[in-house]
Amino acid sequence: MSSVYLTIVVFLFVLAVFDLMVGVSNDAVNFLSPAVGAKVTKFRTIIIVAAVGVFIGATASNGMMEIARNGILHPSMFTIKEVMFIFLAAMISDVILLDIFNNLGLPTSTTVSMVFELLGATAAFSLLKIVGSDGALTLGDLMNTEKALGMILAIFVSVAIAFFFGTLLQYISRLVFTFTYKKNLKYKIGIFGGVCTTAIVYFMLFKGMSGMTFITPEVKDYINANTCSILGLVFLGSTLLMQLLYFLKVNVFKILVLMGTFSLAMAFAGNDLVNFIGVPLAGYSSYVDYMASGSADPDSFLMTSLNGPAHTPLIFLLAAGGIMVYALATSKKARNVIKTSVDLGRQTEGDEMFGSSRIARVLVRHSNNCGRTLEKLIPKKFQQWVETRFNNEEAVIRDGAAFDEIRATINLVVAGLLIALGTSLKLPLSTTYVTFMVAMGSSLADRAWGRESAVYRVTGVVSVIGGWFVTAGAAFILSFLIAMLLHLGGFIAACVLMVLAIYILIRSNRRFAKKKQEETGDILYNKMMISNDKNEVLDLLSQHIIKTQSDFLGYIDTTFTQVVDGFTRENLSLLRKAEDGMRRTREELKSGRRKEMAGLRRIDPAAAMEKNTWFHLGRNACEEILYCVRRIADPCLEHVDNNFIPLTESQKIQFKPLCEQVHKMIVETGEAIRSGSDERVDELRREGSALKSSLEKARDAQLLRMQIGKENISVGYLYVNILQEMRELTSSLRHLLRASKGFRQ
């Protein structure tokens with residue numbers, strides 16, 4: 001039996017390594033967003049600073065390990081078998097959940113998922129024991145409900161707290177420094193740098209050091225007894241140092257941002273490491289204790305030993321820190337993961353990737369109404385003074401940066417303080433939640449959410465927060481069900497689920513590799529927004545437009561074929577599939593348009609004036625093509641769904657070659673756009689004109705047949721509509737070809 005438990009422990013550690021790699025690639029790089037968004041230095045330098053912080057912070061997370069040991073359950077009430085199954089259910093659920101959310105493109109959090117997975121598995125076995133005890137046991141006897149509730153509240157309350165303090169402190173900082181902060185630093189930068197440095201030292205050292213295994217109790221007692229004196233010296237020393245560095249022409253904000261990146265990385269490792277290795281280490285401790293007992297009966301051996309404090313060997317913490325540093329340094333996801341928070345906090349308009357939603361429109365509308373009401377209550381002179389402090393027309397933002405160094409500093413310092421505070425209180429605050437919400441609060445205070453972008457930004461924030469709540473519910477339910485399955489199936493079910501988890505890991509890696517090959521458009525966009533060479537931006541923009549238009553035409557060809565086949569063969573599933581796809585494509589068109597418009601703003605103004613005309617002509621043509629196909633699909637779907645009379649044989653004979661010609665026109669238009677051949681474009685435009693004439697003749701012939709009463713009215717009018725929309729589609733293809741040629745010239 002001991003070999004079975006050893007297998008489970010080894011498997012838990014394998015999943016922990018996976019969690020460390022995925023967690024750092026997806027969650028941990030959130031602490032890179034401020035430094036990367038403000039472009040304070042090279043990406044490689046930011047990674048090095050963060051990696052050092054992660055490695056040091058990993059040694060400070062020992063106390064947090066108690067959450068997995070006894071923060072959710074009362075281990076003295078559970079046997080070794082039940083505890084192992086709880087831990088196994090939590091880790092397998094984590095793998096499945098990450099796979100599902102990654103495939104759906106929904107945001108998730110390792111902190112929330114792990115806490116609620118432990119809750120779900122513990123709840124399952126607790127209910128089983130309550131039922132088996134005939135009411136002698138209660139939920140409070142088996143679960144640490146008070147502490148669990150405190151952790152849950154801390155996780156979700158941190159969202160509001162982070163947003164509030166991010167907004168408040170950024171607003172105050174902007175009032176003090178303004179957007180032209182480099183002109184007003186002489187007597188402010190020293191104090192500002194001193195405050196930031198002191199805050200970082202206090203929370204990173206004094207609060208985070210309690211879990212460090214290499215600091216002796218005597219040193220801790222001395223520091224605790226002299227905290228105020230030490231902090232006072234740190235403030236005075238750092239203030240003088242920052243002021244001196246400013247006079248020596250050193251960019252103090254760069255130093256503060258890198259210090260903040262280091263501190264936030266350290267806080268992440270100290271706080272979030274428990275999400276990755278806390279459960280395996282608790283399982284390892286359980287196994288060691290069980291083996292020390294002489295391999296007692298697993299159905300009666302209670303895990304009272306887990307009630308004691310965690311004493312994680314330093315080797316485990318260092319190994320975990322090493323894996324995290326490796327993942328951070330080598331992960332190809334790092335640049336993409338930070339894109340969401342950077343774009344939602346961008347000072348200028350970006351691609352606004354989330355689109356618009358009803359709840360966002362309502363929130364923005366009510367916020368505007370509240371703002372107008374407050375304006376009536378605030379003195380005009382004060383409003384005018386505030387407006388002078390928030391004049392962002394002279395904002396100092398580096399080329400390619402999303403926001404300035406003031407905001408980057410506030411984002412890092414506030415997030416670091418909140419996370420470190422949670423670590424010191426042994427509350428598993430989500431690094432993702434805190435860093436994201438601080439960034440959103442500071443961007444709101446900075447008036448980055450203008451009238452043209454607010455609804456998109458709010459939609460993004462609501463989508464992310466909604467994903468967090470979905471994570472909690474999904475984690476609890478999934479872990480609960482897996483725990484029940486383990487109870488019913490025993491070790492056979494455990495083996496099956498472990499094999500399933502390994503299969504999911506392999507499949508996820510393959511899917512990610514495949515997805516990376518399909519992200520050329522995003523790579524082009526990212527390069528376009530980073531480059532400072534206007535000619536290079538124009539070249540990248542042209543490549544992006546060619547790719548999106550040719551990919552779009554490939555989709556249109558597939559959808560048009562589905563609609564035509566679905567209508568002529570009366571295949572309802574094909575028509576519904578086409579209908580569903582067009583809704584998503586419309587949003588993709590909007591997103592692509594926003595990205596390319598952002599690129600147009602970065603090219604030479606003289607060239608932009610000419611390119612804009614052709615760009616908008618091409619984009620409008622794409623939208624019209626999509627609408628034409630949709631105006632064909634909608635009535636066809638209704639016609640087939642109602643089981644109305646299909647096309648007659650004579651109509652099908654006329655209709656089929658016309659559809660083949662339109663199909664050929666779509667395919668060859670995509671090829672002409674990719675090749676960039678002006679001669680082929682001119683030739684296709686002539687062919688399109690001839691096709692329009694053929695479609696007009698077919699339409700007129702059908703109208704004539706209907707007029708003399710030889711056709712069914714319902715199918716006749718539908719056929720006329722299809723021919724008319726095919727004509728309009730052909731006309732829009734000609735416009736797209738013309739726009740493509742004009743943009744290249």
Side-chain angles (χ1 to χ4, degrees), residues 1 5 8-9 12 63-94 111-156 274-275 278-290 293 296-310 426-428 472-491 493-494 497:
M1 187 60 69
Y5 292 126
I8 292 176
V9 171
L12 291 178
M64 293 292 291
M65 298 303 165
E66 295 178 14
I67 293 170
R69 293 166 61 90
N70 51 47
I72 303 295
L73 72 162
H74 289 305
S76 58
M77 302 297 293
F78 294 89
T79 65
I80 175 69
K81 180 179 179 181
E82 292 166 339
V83 165
M84 282 296 189
F85 278 176
I86 287 173
F87 294 155
L88 185 61
M91 293 298 286
I92 291 176
S93 301
D94 200 52
T111 302
V112 172
S113 60
M114 187 54 67
V115 169
F116 278 87
E117 283 153 5
L118 284 170
L119 276 172
T122 305
F125 278 97
S126 297
L127 290 176
L128 291 170
K129 293 179 78 69
I130 291 172
V131 172
S133 69
D134 294 327
L137 295 174
T138 64
L139 195 62
D141 296 328
L142 300 166
M143 295 182 65
N144 195 344
T145 52
E146 183 178 351
K147 190 170 184 179
L149 181 61
M151 287 190 291
I152 294 170
L153 288 176
I155 289 172
F156 290 108
V274 65
N275 305 327
V279 170
L281 285 176
Y284 172 74
S285 296
S286 302
Y287 173 75
V288 170
D289 185 55
Y290 172 69
S293 70
D297 182 8
D299 291 323
S300 61
F301 184 74
L302 300 176
M303 295 310 306
T304 307
S305 61
L306 292 182
N307 280 323
K426 297 184 180 179
L427 296 173
F476 183 90
I477 294 171
L478 182 61
S479 186
F480 182 94
L481 294 175
I482 290 178
M484 284 294 187
L485 186 60
L486 288 171
H487 170 74
L488 295 173
F491 292 109
L497 288 171

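Leu118 has its side chain within reach of Phe87: a pair of non-hydrogen atoms, C-beta onward, lies under 4.5 Å apart. Within the 4.5 Å cutoff, the side chain of Glu117 has no heavy atoms near those of the Leu478 side chain. Annotation: side chain of Lys81 is in contact with side chain of Tyr5 (closest heavy-atom distance under 4.5 Å). Put simply, the side chain of Thr122 reaches to within 4.5 Å of the side chain of Phe78, judged on heavy atoms. Proximity of Leu485 to Leu481: side-chain heavy atoms (C-beta onward) are nowhere separated by under 4.5 Å. Here the side chains of Phe480 and Ser93 are not in contact, with every heavy-atom distance at 4.5 Å or above. Annotation: side chain of Phe125 is not in contact with side chain of Leu73 (no heavy-atom distance under 4.5 Å).
The two residues Ile86 and Ala121 make their nearest non-hydrogen contact at O-CB, 3.7 Å. Counting all heavy atoms, side chain and backbone alike, Ala494 lies closest to Leu88 at CB-CD2, 3.8 Å. Of all heavy-atom pairs spanning Ala475 and Phe116, the tightest one is CB-CB, 3.9 Å. Contact record, Met91 with Leu12: CG-CD2, 3.5 Å, taken as the closest heavy-atom pair. The nearest pair of heavy atoms linking Ser76 to Leu302 is O-CD1, 3.3 Å. Nearest heavy atom pair, residue Met77 against residue Leu142, reads CB-CD2, 3.6 Å.
Note that CD of Glu82 is 9.0 Å distant from OG of Ser126, once rounded to the nearest 0.5 Å. Note: Leu488 CG to Leu128 CG = 7.5 Å, rounded to the nearest 0.5 Å. Distance check: Ile8 CD1 to Tyr287 OH gives 11.0 Å after rounding to the nearest 0.5 Å. Distance CE/Met84 to CE/Met303: 7.0 Å, rounded to 0.5 Å.
Shown here is Phe476, whose CZ atom has more than 12 heavy atoms of other residues, nucleotides or ligands within 6.0 Å.
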